[in-house]
4 protein chains.
Amino acid sequence: MIVALKAGTTPAQREQLVNWLAGMVTEVHVVEGTSCTVLGLIGDTRRIDQELLESLEIVDSVQRVSEPYKKVSRRFHPDDSVIEAGGVKIGAGFCVIAGPCSVETEPQILDVARRVKAAGADVLRGGAFKPRTSPYDFQGLKGEGLRLLSEAKRATGLPLVSEIMSIETLDLFEDVDIIQVGARNMQNFDLLKELGHLDRPILLKRGLASTIKELLMSAEYIMSGGNEKIILCERGIRTYETATRNTLDLSAVPVLKERTHLPVIVDPSHATGYSRLVPPMALAAAAAGADGVMVEVHNDPERALCDGPQSLTPEQFAELNGRLRKLLAAMEA
Amino acid sequence: MIVALKAGTTPAQREQLVNWLAGMVTEVHVVEGTSCTVLGLIGDTRRIDQELLESLEIVDSVQRVSEPYKKVSRRFHPDDSVIEAGGVKIGAGFCVIAGPCSVETEPQILDVARRVKAAGADVLRGGAFKPRTSPYDFQGLKGEGLRLLSEAKRATGLPLVSEIMSIETLDLFEDVDIIQVGARNMQNFDLLKELGHLDRPILLKRGLASTIKELLMSAEYIMSGGNEKIILCERGIRTYETATRNTLDLSAVPVLKERTHLPVIVDPSHATGYSRLVPPMALAAAAAGADGVMVEVHNDPERALCDGPQSLTPEQFAELNGRLRKLLAAMEA
Amino acid sequence: MIVALKAGTTPAQREQLVNWLAGMVTEVHVVEGTSCTVLGLIGDTRRIDQELLESLEIVDSVQRVSEPYKKVSRRFHPDDSVIEAGGVKIGAGFCVIAGPCSVETEPQILDVARRVKAAGADVLRGGAFKPRTSPYDFQGLKGEGLRLLSEAKRATGLPLVSEIMSIETLDLFEDVDIIQVGARNMQNFDLLKELGHLDRPILLKRGLASTIKELLMSAEYIMSGGNEKIILCERGIRTYETATRNTLDLSAVPVLKERTHLPVIVDPSHATGYSRLVPPMALAAAAAGADGVMVEVHNDPERALCDGPQSLTPEQFAELNGRLRKLLAAMEA
Amino acid sequence: MIVALKAGTTPAQREQLVNWLAGMVTEVHVVEGTSCTVLGLIGDTRRIDQELLESLEIVDSVQRVSEPYKKVSRRFHPDDSVIEAGGVKIGAGFCVIAGPCSVETEPQILDVARRVKAAGADVLRGGAFKPRTSPYDFQGLKGEGLRLLSEAKRATGLPLVSEIMSIETLDLFEDVDIIQVGARNMQNFDLLKELGHLDRPILLKRGLASTIKELLMSAEYIMSGGNEKIILCERGIRTYETATRNTLDLSAVPVLKERTHLPVIVDPSHATGYSRLVPPMALAAAAAGADGVMVEVHNDPERALCDGPQSLTPEQFAELNGRLRKLLAAMEA
């Protein structure tokens with residue numbers, strides 16, 4: 001860690017800071033410049049709070065040379081992690097997760113499940129607990145939704161992914177193979193800590209305005225609790241552009257693959273908000289090196305009018321899946 | 001609500017949409033343009049999901065004419081709400097909340113409490129549960145921190161504000177006059193719903209990347225549960241600018257005062273991240289019409305080196321408070 | 001165009017507004033709602049200034065149903081435009097533009113030109129006028145740089161693209177086949193107007209914080225002057241994320257392809273700022289449907305230490321080009 | 001300047017980099033850490049291109065300890081600069097600039113000029129060349145607009161500020177006391193260089209998505225040419241929030257006042273886009289320590305319907321000016 005001091009720092013102020021830092025790291029190396037002084041901290045600097053240090057009056061800036069995360073870092077775990085969930089290996093080959101945004105009825109979820117399975121999906125997604133901006137919007141079928149997902153799982157053999165919003169509902173997720181943490185809860189640290197004690201894969205979505213580093217720190221929360229089965233998901237970030245719902249940050253895929261050994265998937269449905277943008281962005285995600293995509297699929301174009309229009313139809317999904325497989329085959333060849 | 005249809009929409013598609021919408025609102029008015037058709041929806045459109053409608057293939061855009069919130073809206077409650085907490089009336093006169101970021105020790109919190117009280121603070125702040133980006137950073141004294149805050153309250157008579165991170169810890173907050181929801185939890189809807197059942201003032205901070213509308217919708221979550229004692233807090237938003245920790249959006253103050261009857265305060269300490277920027281931005285908040293400010297104050301410049309440097313000293317706070325009172329007096333004259 | 005009026009609007013205010021608008025469009029249709037009134041404007045609303053209208057005290061919001069651009073719109077020109085430059089057809093097949101960020105020396109540009117040509121590049125890029133944040137940074141070889149580019153063109157037959165910063169230097173660009181407008185000049189309207197009088201292809205880069213709509217409006221500036229040979233370029237937008245130089249907005253590719261008939265290319269070198277991110281993002285751009293990519297290539301890994309490290313080596317470029325061609329072939333199959 | 005190298009850097013790579021850097025600075029100090037090596041560069045590092053260095057494969061990060069700007073820095077010029085323009089001293093006392101967005105007619109500009117003068121304005125603003133997103137929007141009266149401004153100056157004695165878009169129109173600005181560079185041209189470096197050769201005050205507006213550092217670098221462009229009479233203007237930045245046109249970044253005021261000796265003013269009219277938000281944000285700007293504000297004022301509420309609704313009426317302006325003076329008096333007392 002490198003700490004640059006401001007020009008007017010007195011020797012007494014500097015000494016006080018050096019002494020304080022010396023109690024926390026192996027060595028504090030002082031470099032005197034023409035217009036300022038720089039401290040080089042050597043040792044384990046993870047326990048030093050960077051923001052705090054930066055805000056000191058005499059400190060000009062602080063730069064961390066090693067990352068603040070450890071268990072998620074590829075530096076300490078060079079090989080790709082493969083997360084097994086219900087017989088599917090995520091991180092080994094391309095994984096396609098598909099299903100409706102919300103579970104609505106038994107016929108709906110059974111039909112979608114069968115059709116995405118037939119079209120080649122690896123995992124079934126479906127929301128039972130829905131985080132909604134407005135208290136007046138539909139909040140999901142909750143426990144009943146999870147029960148219907150279990151039926152779809154039994155009928156098709158597809159493993160399940162579904163979002164949890166509160167640890168108090170954990171018992172209802174017994175049959176869910178991958179527990180999803182949504183973008184709004186990426187920094188709900190109490191929830192992350194609880195999930196860290198499970199032995200179940202967690203799909204952690206990037207927050208709407210979270211940095212790549214913060215996403216990795218949230219994964220570190222889960223891993224530091226003991227649960228190392230984490231799948232990261234890029235789902236669009238908030239920017240000034242309004243032509244799409246959010247801005248899909250596909251560069252995050254190769255950046256994450258460099259920094260961590262965890263699998264990285266992409267959700268083009270929520271990122272763009274428009275079904276016609278899902279196929280090009282799913283293909284782009286595969287080309288960028290993602291380990292999979294998660295796309296919304298609904299079964300009923302009539303009902304879709306009111307409940308799934310950012311979703312693909314099963315036919316569109318089947319076509320996309322075919323194009324994905326062709327692209328992936330060409331890239332491997 | 002105004003729904004613009006795309007140019008190529010067929011009569012059959014249009015009819016299907018009109019029929020669906022007609023089941024939800026009082027009247028659907030069709031306006032035929034030269035190049036497109038527009039639907040005017042008349043009635044209670046709050047139950048229509050705007051995002052969903054926007055994502056329909058035949059829909060060009062949707063525009064809500066009335067706000068999606070009701071209880072927080074000034075339209076239905078023209079007078080300013082005044083929230084009483086421990087004898088202090090927030091929303092009637094300017095309110096100054098001060099105290100340390102984290103509660104550390106009994107002497108620390110007692111000393112800070114006495115000194116901010118002497119300098120004119122109205123409410124004492126102090127963090128016992130701390131949301132931290134890294135699992136390796138200090139997470140607060142928790143229950144013990146709240147116990148120490150109670151002592152400071154008894155010693156000074158100042159009402160307390162402190163942040164809750166999980167509803168499971170609610171029992172520990174018995175003595176806390178105002179329960180804070182932090183920026184990272186602004187869309188933790190399960191937590192908001194639980195707080196909606198309390199009869200205790202809630203200080204709701206704007207999320208790091210939340211819009212003003214989303215802040216109001218989160219307040220609506222709490223109010224729709226029955227708890228109408230809400231104080232809103234602008235604390236900086238995430239932008240590309242790195243010269244300050246976040247970008248304090250002071251224009252949000254007059255915008256919020258227009259749209260809602262709830263009191264609005266400003267936190268310049270977290271927004272800017274630098275103690276030297278706190279006084280100018282606190283004064284600016286007062287000039288912009290805020291109902292109060294919340295500032296960090298620590299008692300020990302020596303310790304501050306490692307633990308509170310974005311905070312003001314009690315002396316700096318006293319000086320700021322004097323300048324605030326002078327500015328407010330001049331504005332009222 | 002749909003204009004929603006605020007709740008408290010008086011009949012007199014409304015009449016005044018309706019009369020004013022009636023002088024500009026074919027018809028003003030008034031729709032009375034339960035809580036507000038909406039005006040539907042029918043006719044050519046391009047001459048109405050939307051921002052101005054929105055800022056009226058009695059206006060709640062304004063929504064444009066037809067786009068404010070015309071010549072760039074796919075609505076009026078459904079077929080893809082193909083821009084011919086030096087024998088290359090951009091918009092018909094995938095186009096690869098390659099070359100150094102800056103022209104440095106004759107051996108450098110000749111060597112790079114020959115090697116990217118051998119590796120399959122279609123167009124040679126090279127900067128002679130360089131926009132730099134600091135006045136103390138290298139500003140390019142200017143006229144001499146353009147002369148060296150001409151030599152490289154003669155030696156290889158590759159058409160040239162190079163950036164113009166001021167119309168006063170136009171004479172120097174005689175041999176340049178495609179004139180580039182950089183991100184910082186995307187809204188230098190005086191420059192756009194001048195380029196509108198040329199009969200030369202223009203490569204218009206999206207501004208660092210420009211919306212897709214603003215990019216199209218800037219293209220409209222050029223087209224409205226008579227020059228219809230425009231190639232659009234997505235090159236990353238400014239967001240809060242610092243892991244990459246900018247955030248490459250690949251969703252802009254399918255969005256632009258919907259809205260306009262103009263070809264769309266992607267610059268992954270400037271967007272990401274790191275050479276190792278260029279291949280995955282170039283492949284992703286192709287998968288997303290871009291008409292081409294523009295990548296930086298340098299010839300000398302030794303010199304690259306100080307002058308081209310976000311660039312690919314010719315070998316890396318050749319490998320990328322091979323992978324691109326394979327991916328494109330698979331997508332067409 | 002501090003350069004952190006990546007973990008896997010070989011001794012040969014490091015030596016090559018050190019040798020290259022050694023040719024540019026006084027001394028390169030090598031600090032070996034447990035997991036990486038850091039270079040401390042001592043001497044004049046302004047000629048080193050930071051972005052370039054950062055993009056080297058072996059470089060982890062680069063941190064500039066001294067600022068890349070010099071002439072604008074307060075470090076080398078501790079006292080506030082005072083810019084004199086037509087008898088008004090900007091930077092010594094609070095300066096109020098007022099006038100219409102666009103010059104329209106002789107009666108309009110004369111009337112507004114007289115009324116803002118009577119209400120206490122120090123400088124008259126008026127746009128003759130208007131940068132507009134659409135080529136179909138009104139582009140200003142150009143030379144005729146500047147002639148009308150001259151008349152208003154003669155009639156009232158108020159100095160003038162007006163925006164230049166191209167150096168070719170400079171002759172028309174003979175009577176303009178302060179030449180404005182708009183947000184869209186903040187990085188039109190060719191224009192900045194030309195203005196650097198003048199002996200006339202320049203009002204430099206912050207770009208829509210420019211950092212504070214980039215604003216200072218653009219000022220450095222002008223100053224490095226010899227013209228040291230620069231006034232900086234914060235006018236809102238582009239963020240995800242849509243409740244206001246842009247997000248007024250008032251924290252930029254104290255940050256700029258720390259870093260530079262140049263005067264800093266604020267434009268709340270363009271930043272917020274709504275006249276009702278102008279008074280609170282103008283007052284907030286004064287409280288935050290700005291050296292002045294620039295506000296739009298129109299004279300004709302009837303015409304304002306179509307041409308100046310983000311502007312204040314002269315009466316509103318007079319009231320605001322009175323409140324500003326009261327606030328400033330209280331802050332000085």
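Below, chains carry the letters A, B, ... as their sequence lines are ordered, and counting in each starts from 1. Heavy-atom basis, side chains included; hydrogens, waters and symmetry copies ignored.
Counting heavy-atom pairs closer than 4.5 Å to chain B, the top-ranked of the candidates Met331(D), Lys326(D), Arg323(D) is Lys326(D). With respect to chain D, the highest number of heavy-atom pairs below 4.5 Å among Ala209(B), Ala330(B), Ala271(B) belongs to Ala209(B). When the candidates Ile212(D), Val255(D), Leu248(D), Thr239(D) are compared by the number of heavy-atom contacts under 4.5 Å with chain B, Ile212(D) comes out ahead. Most heavy-atom pairs under 4.5 Å with chain B, from the set Thr242(D), Ile237(D), Leu277(D): that is Ile237(D). Annotation: maximal heavy-atom pairing with chain B below 4.5 Å, among Ala286(D), Pro279(D), Ala243(D), occurs at Ala243(D). Among Gly236(B), Ala284(B), Ala329(B), the residue with the largest count of heavy-atom pairs under 4.5 Å with chain D is Ala284(B).
Glu258(B) touches chain D through its side chain: at least one heavy atom from C-beta onward sits under 4.5 Å away, while N, CA, C and O do not. Proximity to chain D is limited to the backbone of Arg238(B), based on heavy atoms less than 4.5 angstrom apart. Heavy atoms closer than 4.5 Å to chain D are found in both the backbone and the side chain of Ser251(B). Contact annotation for Ala282(B): neither backbone nor side-chain heavy atoms come within less than 4.5 Å of a heavy atom of chain D.
Between Pro254(D) and Met281(B), the closest side-chain pair of non-hydrogen atoms falls below 4.5 Å.
Note that the CG atom of Leu328(D) and the CG atom of Leu327(B) stand 9.5 Å from one another [nearest 0.5 Å]. Within the model, atoms CG of Leu250(D) and CG of Leu250(B) stand 5.5 Å from one another, a figure rounded to the nearest 0.5 Å.
Contact check on Glu241(B) versus Lys213(D) returns no salt bridge, with no Lys/Arg side-chain nitrogen under 4.0 Å from an Asp/Glu carboxylate oxygen.
Taking the side-chain hydrogen bond (donor to acceptor under 3.5 Å, both in side chains) definition, one finds that Thr272(D) meets it with nothing, sequence neighbours left out.
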